[in-house]
A.B. asks: 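This is the structure I want to talk about, given as structure tokens.
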2 protein chains.
Amino acid sequence: MKDFNKLSERQRNMLRYIDNYISENGYPPTIRQIGENTGINSTSVVNYNLNKLVAAGYLTRSQHVSRGLRLTVPVPGSDRKPGKKAVHVAPARPSVYVIGTIFASEPVPVPEDYHYDEDDLIEVTADMLAGTDPDEAFALRVKGDSMVDAMIREGDIVVFRRQETAKNGDMVAVWLTERNETTLKYFFKEGTRIRLQPAHPHMDPIFVDPKTCRIEGKVLSVIRQL
Amino acid sequence: MKDFNKLSERQRNMLRYIDNYISENGYPPTIRQIGENTGINSTSVVNYNLNKLVAAGYLTRSQHVSRGLRLTVPVPGSDRKPGKKAVHVAPARPSVYVIGTIFASEPVPVPEDYHYDEDDLIEVTADMLAGTDPDEAFALRVKGDSMVDAMIREGDIVVFRRQETAKNGDMVAVWLTERNETTLKYFFKEGTRIRLQPAHPHMDPIFVDPKTCRIEGKVLSVIRQL
DNA sequence: AGTATAAACGAACCCTTGTTCGGTTGTCAA
DNA sequence: TTGACAACCGAACAAGGGTTCGTTTATACT
């Protein structure tokens, strides 16, 4: 059971209003409607608090979709009229934070620095986490074509587990201090050096010194939506 | 009880899709989504038939409201999977059947031929289906390196919607009768010929005659688990 | 006082999505 | 043959509605 007292009065009002609205209309309200009915004057504040509620697990959102809201828990004290059914309750689904973007010329952002306020949460399946606790997983959106040799495209979402070490055969994100670049490659420790093998079958590996190679995370899965 | 036989096949499909969509997502589809998933090429035709359905008492609409749809009667034959409940209850996590493998030298398997087997059901998120009814989606596992120019690797799972036509910009699976091969490319109709553009940014398009090119399905998403 | 952070504001931006309209096709009856 | 009508198409239009960003206020900690 969720502790609704942890929420601000505003956020509780929003949940109540959303629940009511859906049971009245059969579809969710817009951000502007939520604002108008809970005394919020700016759409960005509604958006801000909706993201808070997503992070706290009370609802899920579909990005860039009008009225793309759904509640994930029953809302107490929503004054639904008798006879109306409770709003659908979505089962808990694993999701990971998309904490930024990844491209060749920058190290990958670290989750610790990240304030989970304004970015988005995407839904994943359990398979994509390969047993990793959702709290230890994070995701990055690929920017630019620099990852083509890893068979990864602009717009793809890469799901990682944060770790500084790797086993042979893992695909990892590494920061190469001498080249000043991030790359995604298969990891193989070969004696005193490390072989980084591109995913693309026609491309050649590079060999680096362990001291110039910082592992940023292990790739768990890649999602491409077209 | 309504007499659904009075409706056209199209209208029954629309009702079934709307019901399914709401149960998957918790909110109604757009008229464009309805069109795409029931083989209607014009939003005005969807609008036309929606108004027919309103007049016949099957649903209500809110004017000038996005996704402002509501079913007024239970829809028979909406083949919700067991465990999925009727409209206005919890959205279920959709899943699609992996019905085979895809590689260059063979046409795409057709779902109709497939003997459904529980083992080959994989979980997906609603986002990956882009509004497609899960029952009209299917998935294939990629075999071999022949799809590298589509930035797709051995082992990837490609999620499709079966359809014989495509819009510009869609990524589609096509069978090229003259080359005897299946390929995944972006589709562009240019006058009398078709341009098939590889996803890989450094590769050149091919041009084919519509008569030698059979569209097998539209690619909705790609999943890579490592 | 100075800094950091949560919460809020409002306007601009632009993708999403419903609506409209001229035109085409097919059927049926006069 | 003609006209009426239902069904459909494609494109353009415009309102709907999510997102972003620079700023501001309030509170707490140093």
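Within every chain, numbering begins at 1; the chains are lettered A, B, ... in the order of the sequence lines, protein sequences first and strands thereafter.
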A.B. asks: Do any side-chain nitrogens or oxygens of B:Arg10 fall under 4.0 Å of OP1 or OP2 in D:dC8?
C.D. replies: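 Looking at the OP1 and OP2 atoms of D:dC8, one of them is under 4.0 Å from a side-chain N or O of B:Arg10.
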
A.B. asks: Check every atom of C:dA12, C:dT17, C:dC9 against the side chain of B:Thr30 and return the nucleotide holding the closest atom.
C.D. replies: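 Per side-chain heavy atoms of B:Thr30, the pick is C:dT17.
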
A.B. asks: Pick the nucleotide of DNA chain D nearest each of B:Thr43 and B:His64; which residue has the one closer to the 5' end?
C.D. replies: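 So the residue in question is B:Thr43.
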
A.B. asks: Considering only C:dT20, D:dT19, C:dA8, which nucleotide approaches the side chain of A:Asn47 most closely?
C.D. replies: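 So the side chain of A:Asn47 is nearest to D:dT19.
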
A.B. asks: Find the distance A:Gln33:CD to D:dG16:P and express it as a whole number of Å.
C.D. replies: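 For the pair A:Gln33 CD and D:dG16 P, the rounded distance is 11 Å.
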
A.B. asks: To the nearest Å, give me how far apart CG (B:Asn51) and C1' (C:dC21) are.
C.D. replies: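 Distance check: B:Asn51 CG to C:dC21 C1' gives 15 Å.
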
A.B. asks: Separation of A:Arg67 atom CZ from C:dC15 atom C1', in whole Å?
C.D. replies: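 To the nearest whole Å, that distance equals 16 Å.
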
A.B. asks: Kindly indicate whether a cation-pi arrangement holds for B:Arg195 with B:Phe188, taking the cut-offs as under 6.0 Å to the six-membered ring centre and within 45° of the axis.
C.D. replies: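 Yes, cation above the ring, under 6.0 Å and within 45°.
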
A.B. asks: Please state how far atom CD in A:Glu36 lies from atom P in C:dC9, giving the value in whole angstrom units.
C.D. replies: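 Interatomic distance, CD of A:Glu36 to P of C:dC9: 14 Å.
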
A.B. asks: Look at B:Gln63 and C:dG18 and indicate whether a side-chain polar atom (N or O) is within less than 4.0 Å of OP1 or OP2.
C.D. replies: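 For B:Gln63, the contact criterion (side-chain N or O under 4.0 Å from OP1 or OP2 of C:dG18) is not met.
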
A.B. asks: Considering only side-chain heavy atoms of A:Ile31, which listed nucleotide, D:dT19, C:dG18, D:dC8, is closest?
C.D. replies: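 Of the options given, the side chain of A:Ile31 lies nearest D:dT19.
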
A.B. asks: Does the cation-pi check pass for B:Arg193 over B:Phe207, that is, NZ or CZ under 6.0 Å from the six-membered ring centre and within 45° of its axis?
C.D. replies: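 So B:Arg193 does make the cation-pi contact.
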
A.B. asks: Nearest to the side chain of A:Arg61 - C:dT19, D:dC9, D:dG18?
C.D. replies: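 Comparing C:dT19, D:dC9, D:dG18 against the side chain of A:Arg61, the answer is D:dG18.
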
A.B. asks: Hey, does the side-chain of A:Ser42 have a donor or acceptor N/O within less than 3.5 Å of a partner on the base of C:dG10?
C.D. replies: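 For A:Ser42, whose side chain was compared with the base of C:dG10, there is a donor-acceptor pair (under 3.5 Å).
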
A.B. asks: When the distance from CG of A:Asn41 to C1' of D:dT23 is rounded to whole Å, what number comes out?
C.D. replies: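 From A:Asn41 CG to D:dT23 C1': 16 Å.
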
A.B. asks: If I take atom OH in residue A:Tyr21 and atom C1' in nucleotide D:dG17, what distance separates them, rounded to the nearest angstrom?
C.D. replies: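 Result: 12 Å.
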
A.B. asks: Is any side-chain N or O of B:Tyr48 closer than 4.0 Å to OP1 or OP2 of D:dA7?
C.D. replies: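 Yes, B:Tyr48 has a side-chain N/O under 4.0 Å of OP1/OP2 on D:dA7.
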
A.B. asks: Can a donor-acceptor pair under 3.5 Å be found between the side-chain atoms of B:Arg32 and the base atoms of C:dG18?
C.D. replies: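 Check passes, donor-acceptor contact within cut-off.
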
A.B. asks: Below 4.0 angstrom from OP1 or OP2 of D:dA7, is there any side-chain N or O of B:Lys52?
C.D. replies: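 For B:Lys52, the contact criterion (side-chain N or O under 4.0 Å from OP1 or OP2 of D:dA7) is met.
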
A.B. asks: Below the 4.0 Å mark, does C:dG18 have OP1 or OP2 next to a side-chain nitrogen or oxygen of B:Ser66?
C.D. replies: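 Negative; the distance criterion is not met.
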
A.B. asks: Identify which one of A:Leu184, A:Val142, A:Ile157, A:Ile152 satisfies the side chain to side chain contact (heavy atoms under 4.5 Å, CB included) criterion when paired with A:Val222.
C.D. replies: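 With A:Val222 as partner, A:Leu184, A:Val142, A:Ile157, A:Ile152 yield a single side chain to side chain contact (heavy atoms under 4.5 Å, CB included), made by A:Ile152.
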
A.B. asks: May I have the distance from A:Asn49 (atom CG) to D:dT19 (atom P), rounded to whole angstrom?
C.D. replies: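 One finds 14 Å between P of D:dT19 and CG of A:Asn49, rounded.
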
A.B. asks: Report the distance from atom CG of A:Asn37 to atom P of D:dG17, rounded to the nearest whole Å.
C.D. replies: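 To the nearest whole Å, that distance equals 13 Å.
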
A.B. asks: Between the side chains of B:Ser221 and A:Arg224, does any donor sit under 3.5 Å from an acceptor?
C.D. replies: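 Checked: B:Ser221/A:Arg224 side chains show no N/O donor-acceptor pair below 3.5 Å.
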
A.B. asks: Kindly check if the number of other-residue, nucleotide or ligand heavy atoms within 6.0 Å of CZ (B:Arg141) is above 12?
C.D. replies: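 No.
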
